[in-house]
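Okay, structure first, notes after.
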Amino acid sequence: MARNWWKIAFVLFCALALLYLILPVLIIVPMSFSSTRFLTFPPPALSLRWYQEYFGNSAWMQATRVTLTVAALTVLIATPLGVAAAYAISQSKTRLMRAIHITLLLPLVVPIIITAVGIFFVYAKVGLVATLSGLVFANVMLALPYVVISVVAGLQSFDATQEMVARSLGMGRLRSFFVVTLPQIKASVIAGGIFAFISAMDETIVALFISGGQYQPLTKRMFTALRDEIDPTIAAISTLMTAVSFMLVLLASTRQRKGA
């Protein structure tokens, strides 16, 4: 009997935790369809007014283009770098490689505000503040751990003897990787790239420090808009970003299940 009570309590706790996590979404989504000038919940009437305001505003569209450009370039750079790093980590068990592995994961451990301040001071010295390349480099650093973790997990489930057989038959290391290994871990590579894209798209703290001028991503412009005026357009943008992130995560998880 006591065992059943523990199960019920555990299920109840999980349900409350999930409700707590999705509660902001359950509030923001209806508010984005409000017809009023101010954020109100529940909305008195439904309207697509704020979605039209977003798509019809040149400043919001410029910020969206910057965000998508930075996210795409982050994926193009972080994914091959992360795959190469993960492959090296899986092939070597030396202390140096373990240290490199830990170093690559530091952006997930170090508080993001400390990372942002450090990047800002470095960028201020080399002239990368308020530049597109500066945003891309910073996001590559922050996205790299996601690619490394995903690909290392894929390589651990891959039978490395297949690549060794290919190399024993005359293939070089690079060719055997692309012909034998990469096709079998592609689901992990795609998942890592997707998470890198989401990381770059959602990054806010670093963007507040190093972006500016015409190179302001969507997250910084949203933060600035919230500081100046609570505009319901932000609710519409948040809903769209949440939907995109959810679909990408669903795609990543689906690809990983297929590759398992």
Side-chain angles (χ1 to χ4, degrees), residues 24-39 43 46-79 107 112 115-116 119-120 123 128-144 146-147 190-252:
V25 177
L26 297 179
I27 294 175
I28 288 295
V29 173
M31 289 171 67
S32 70
F33 292 98
S34 175
S35 61
T36 60
R37 181 67 183 82
F38 303 99
L39 290 173
L46 298 180
S47 171
L48 294 175
R49 171 184 178 184
W50 303 113
Y51 289 92
Q52 295 171 348
E53 176 69 22
Y54 166 59
F55 288 109
N57 188 299
S58 59
W60 284 119
M61 288 294 98
Q62 169 63 16
T64 303
R65 283 191 291 270
V66 171
T67 296
L68 294 177
T69 301
V70 169
L73 290 174
T74 297
V75 172
L76 291 176
I77 298 173
T79 302
I112 190 63
T115 302
I119 292 173
F120 172 76
Y123 277 16
L128 285 175
V129 175
T131 64
L132 183 65
S133 56
L135 273 173
V136 172
F137 293 150
N139 279 285
V140 167
M141 182 191 71
L142 297 173
L144 203 55
Y146 297 102
V147 182
I190 293 172
I194 289 173
F195 285 117
F197 185 91
I198 295 173
S199 170
M201 185 179 68
D202 292 342
E203 176 52 46
T204 305
I205 305 300
V206 172
L208 290 175
F209 279 82
I210 67 170
S211 66
Q214 61 178 325
Y215 297 118
Q216 292 189 56
L218 202 52
T219 50
K220 180 175 181 177
R221 181 159 183 80
M222 291 171 67
F223 183 87
T224 304
L226 275 174
R227 184 187 60 191
D228 298 337
E229 178 187 4
I230 300 179
D231 187 348
T233 307
I234 296 171
I237 300 171
S238 300
T239 300
L240 291 173
M241 293 182 70
T242 301
V244 171
S245 298
F246 176 77
M247 288 188 292
L248 289 175
V249 170
L250 186 62
L251 177 62

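What you see below is based on every heavy atom in this structure, not just the backbone, and it leaves out hydrogens, waters and symmetry mates. Along the sequence shown, the residues carry numbers beginning at 1.
Note: T224 OG1 to L208 CG = 7.0 Å, rounded to the nearest 0.5 Å. To the nearest 0.5 Å, atom CD of residue E53 and atom CG of residue L48 are 13.0 Å apart. To the nearest 0.5 angstrom, I237 atom CD1 is 4.0 Å from W60 atom CH2. In this structure, the separation between CD1 on I210 and CD on Q216 is 12.0 Å, given to the nearest 0.5 Å.
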Please walk me through it: do R49 and Q52 pass side chain to side chain donor-acceptor pair (under 3.5 Å)?
CA-CA 5 Å; R49 171 184 178 184; Q52 295 171 348; over 6 Å; no

Test log, rule side-chain contact (heavy atoms from CB on, under 4.5 Å), inputs I119 and L128:
CA-CA 10 Å; I119 292 173; L128 285 175; over 6 Å; no

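Evaluation of the side-chain contact (heavy atoms from CB on, under 4.5 Å) rule for V70 yields V66, T74, L132, L135, V136, N139 as partners, not counting sequence neighbours.
E203 and T219 make their closest contact through O-OG1, 2.7 Å (heavy atoms, listed as atom of the first residue, atom of the second, distance). Considering all non-hydrogen atoms of both residues, A116 and I205 come closest at CB-CG2, 4.0 Å.
Using a 4.5 Å cut-off on side-chain heavy atoms (C-beta onward), I198 and Y146 make no contact.
F137 CZ: 12 or fewer foreign heavy atoms inside a 6.0 Å radius. Applying the 6.0 Å contact sphere to CZ of F197 captures more than 12 heavy atoms from other residues, nucleotides or ligands.
Using modelled atom types and a 3.5 Å distance limit, the side chains of T131 and Y123 yield no donor-acceptor pair.
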